[in-house]
Amino acid sequence: MPAELTVASFNIHWGRGRRSQGFPPFDVVEACKQLDADVIALQESWAPDRGVAQHDAVAEALGYEVQAVPLSRTDAWPTPRTVSRYDPERRAGSGDWCLAVLSRLPITASTTSRFFQLPPDPASRALLQVDLDVEGHPFAVCATHFTHLEFGAVLQAPALRRALPAPTAPAVLLGDMNMWSWCISAMTPRSWRRIGSGRTWPAHRPNSRIDHMLVTPPVEVLGTETLPDLGSDHRPIRARFRIGGTSPR
C-alpha cells in the first residue's frame with residue numbers, strides 16, 4: 001500500500017532573528033512544533049560545547065529521532081561571533097553549527113558526504129542522507145546547506161550529483177541552497193525535479209527563494225507550501241508526499 005509523509009526544511013539561524021533587530025531569540029522547539037512534519041531538516045542548528053544542541057532539544061521535546069553533522073566551529077564562522085555580542089551567555093562559549101535531520105519515522109541508516117572546501121567559504125559543507133522506513137517503503141532524505149554562489153558553489157555540483165541516490169529511488173533533496181531555483185536545478189541530475197514556490201528570505205519581507213526541495217520521479221507530490229515567518233531569518237518550506245504507488249509521469 002502507498003504511504004504518505006510530510007517533510008519540512010528550516011534554517012533556524014541559531015535560534016535568532018535578523019541582524020537589524022539585534023538577533024532577537026525565538027523558541028526553536030515551538031517553531032518546529034508548528035511545522036507539523038514527520039521529517040524536518042534543520043540548518044544552522046547551534047550545538048554548544050556546554051549545553052544541549054538545538055536539534056537535540058527539538059527531538060527530545062517533540063519525539064523525533066535525530067541525525068546531525070557539524071559543519072563549522074564558531075571560531076571559524078563570523079555570524080555566531082556576531083550573535084554572541086548580543087548574548088552574554090554565548091560570548092564565552094564555543095560550539096558547532098550543524099546540519100540535522102529529525103524523523104518520527106524509523107531511521108534505517110545515515111551517511112555523510114563531505115564536499116571539498118572552497119577557499120572563500122569559512123564553513124565546510126556536506127550532504128546528510130538519512131534513510132527512512134515509511135510503512136515498509138524506503139525513502140531517502142538528503143539534507144544540505146550549500147555555500148553561496150559567489151564562493152563558487154557550482155564547483156561542488158559534481159560532488160553533489162555523485163552523493164545523491166539513484167533517480168529510481170524515492171528521495172528528496174532539501175535545505176538552504178543559498179541560490180535561486182534555476183541554479184540548483186542546473187546543479188542536480190535532470191531526473192530530479194524542483195517543487196514548490198514562494199519566497200523564503202529574508203523572512204520578514206522575502207525577496208528570494210533560496211530554500212528548496214527536489215524529488216526523484218517515484219515521489220508523488222501531494223502539496224507544497226512556504227510557511228510564515230517563525231522567528232528565523234528564513235521562512236520554512238513544507239511538502240506532502242506519497243510513495244509506493246504508481247510513479248507520476
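What you see below is based on every heavy atom in this structure, not just the backbone, and it leaves out hydrogens, waters and symmetry mates.
Once rounded to the nearest 0.5 Å, the distance linking CZ of Arg161 with CH2 of Trp192 reads 13.0 Å. In this structure, OG in Ser185 is found 8.0 Å from NE2 in His212, a value given to the nearest 0.5 Å. The distance from the CD atom of Glu220 to the CG atom of Leu222 is 5.0 Å, given to the nearest 0.5 Å. With rounding to the nearest 0.5 angstrom, the CD1 atom of Ile12 is 7.5 Å from the OG atom of Ser232. Atom CZ of Arg18 sits about 4.0 Å away from atom NE2 of His204, to the nearest 0.5 Å. With rounding to the nearest 0.5 angstrom, the CD atom of Glu44 is 10.0 Å from the CD atom of Gln54.
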Practice item. Take Leu62 and Glu30 through the test side-chain contact (heavy atoms from CB on, under 4.5 Å) and record every step on the way to the result. Key: CA-CA 9 Å; Leu62 303 181; Glu30 180 59 30; over 6 Å; no
Check your understanding: Where do Asp211 and Gln43 land on the side-chain contact (heavy atoms from CB on, under 4.5 Å) test, with the steps shown first?
Key -> CA-CA 10 Å; Asp211 303 84; Gln43 303 90 52; 4.3 Å; yes
Practice item. Show the numbers, then the answer: is there a side-chain contact (heavy atoms from CB on, under 4.5 Å) between Leu127 and Leu173? Key: CA-CA 9 Å; Leu127 183 82; Leu173 169 64; 3.7 Å; yes
Exercise for review: With side-chain contact (heavy atoms from CB on, under 4.5 Å) as the test, would you mind laying out the steps for Leu149 and Asn178 before giving the verdict?
Suggested key: CA-CA 7 Å; Leu149 281 174; Asn178 277 315; over 6 Å; no
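Annotation for Glu60: atom CD does not count as buried by contact number, only 12 or fewer foreign heavy atoms lying within 6.0 Å.
In the hydrophobic cluster analysis, where Ile, Leu, Val, Met, Phe, Trp and Tyr join through side-chain heavy atoms closer than 4.5 angstrom, Phe139 is grouped together with Leu128. Linking ILVMFWY residues whenever their side-chain heavy atoms come closer than 4.5 Å, directly or via other members, places Val215 and Val101 in the same cluster. Tracing side-chain contacts under 4.5 Å through hydrophobic residues (I, L, V, M, F, W, Y), one reaches Phe10 starting from Val58; they form part of the same cluster. Under the 4.5 Å side-chain heavy-atom criterion for Ile, Leu, Val, Met, Phe, Trp and Tyr, Ile195 and Val141 are members of the same hydrophobic cluster. Residue Leu160 is not grouped with residue Leu118 when hydrophobic side chains (ILVMFWY) are merged at heavy-atom distances under 4.5 angstrom, including chains of intermediate members.
A 4.5 Å side-chain heavy-atom check between Thr112 and Leu99 finds every atom pair outside the cut-off. A heavy-atom distance below 4.5 Å is found between the side chains of Arg114 and Val69. Looking at Phe115 and Thr144, their side chains come closer than 4.5 Å, going by heavy atoms from C-beta outward. Contact of the Leu164 side chain with the Cys142 side chain is registered, since non-hydrogen atoms from C-beta on lie closer than 4.5 Å. The closest side-chain heavy-atom distance from Phe241 to Met213 is below 4.5 Å. Annotation: side chain of Arg16 is not in contact with side chain of Trp46 (no heavy-atom distance under 4.5 Å).
A salt bridge links Asp38 to Arg240: at least one charged side-chain nitrogen sits closer than 4.0 Å to a carboxylate oxygen.
In this model, no donor atom of one side chain and acceptor atom of the other lie less than 3.5 Å apart for Thr226 and Arg235. Side chains of His145 and Asp176: a donor on one and an acceptor on the other come within 3.5 Å. Side-chain atoms of Thr6 and Arg238 form no donor-acceptor pair, as typed in the model, at a separation below 3.5 Å.
Side chain of Thr200 to backbone of Arg209: no donor-acceptor contact under 3.5 angstrom is found. Remark: side-chain polar atoms of Arg193 are paired, donor with acceptor, to backbone N or O of Thr216 under 3.5 angstrom. Using a distance-only test at 3.5 Å, with no hydrogens or angles considered, a donor-acceptor pair links the side chain of Gln117 to the main chain of Ala123. No donor-acceptor pair closer than 3.5 Å links the side chain of Thr224 to the backbone N or O of Ala239.
Summarising the geometry of Phe23 relative to Gly17, their closest heavy-atom pair is CD2-O, 3.4 Å, with the distance given to 0.1 Å. In terms of heavy-atom proximity, Arg104 sits nearest to Ala37 at NH1-O, 3.5 Å. Between His55 and Ser45, the shortest heavy-atom distance links the atoms ND1-OG, 2.8 Å. Shown here for Cys98 and Pro70, the closest heavy-atom pair between the two residues is SG-CA, 3.8 Å. Pairing each heavy atom of Pro170 with each of Pro138, the nearest pair is CG-O, 3.1 Å. Between Ala8 and Leu35, the shortest heavy-atom contact is CB-CD1, 4.2 Å.
Screening residues 128-137 for side chain to side chain donor-acceptor pair (under 3.5 Å) gives Gln129-Asp131 as the qualifying pairs, with residues at least two apart or on separate chains.
Below 30°, between 30° and 60°, or above 60°: for Trp14 and Trp97 the angle between ring planes is above 60°, a perpendicular geometry.
Among His148, Arg199, His234, Met179, the one residue that satisfies the side chain to side chain contact (heavy atoms under 4.5 Å, CB included) test with Ile210 is His234. Of the candidates Ile107, Leu102, Leu174, Leu132, Val39 forms a side chain to side chain contact (heavy atoms under 4.5 Å, CB included) with just one, namely Leu132.
With sequence neighbours excluded, no residue satisfies side chain to side chain donor-acceptor pair (under 3.5 Å) with Ser103.
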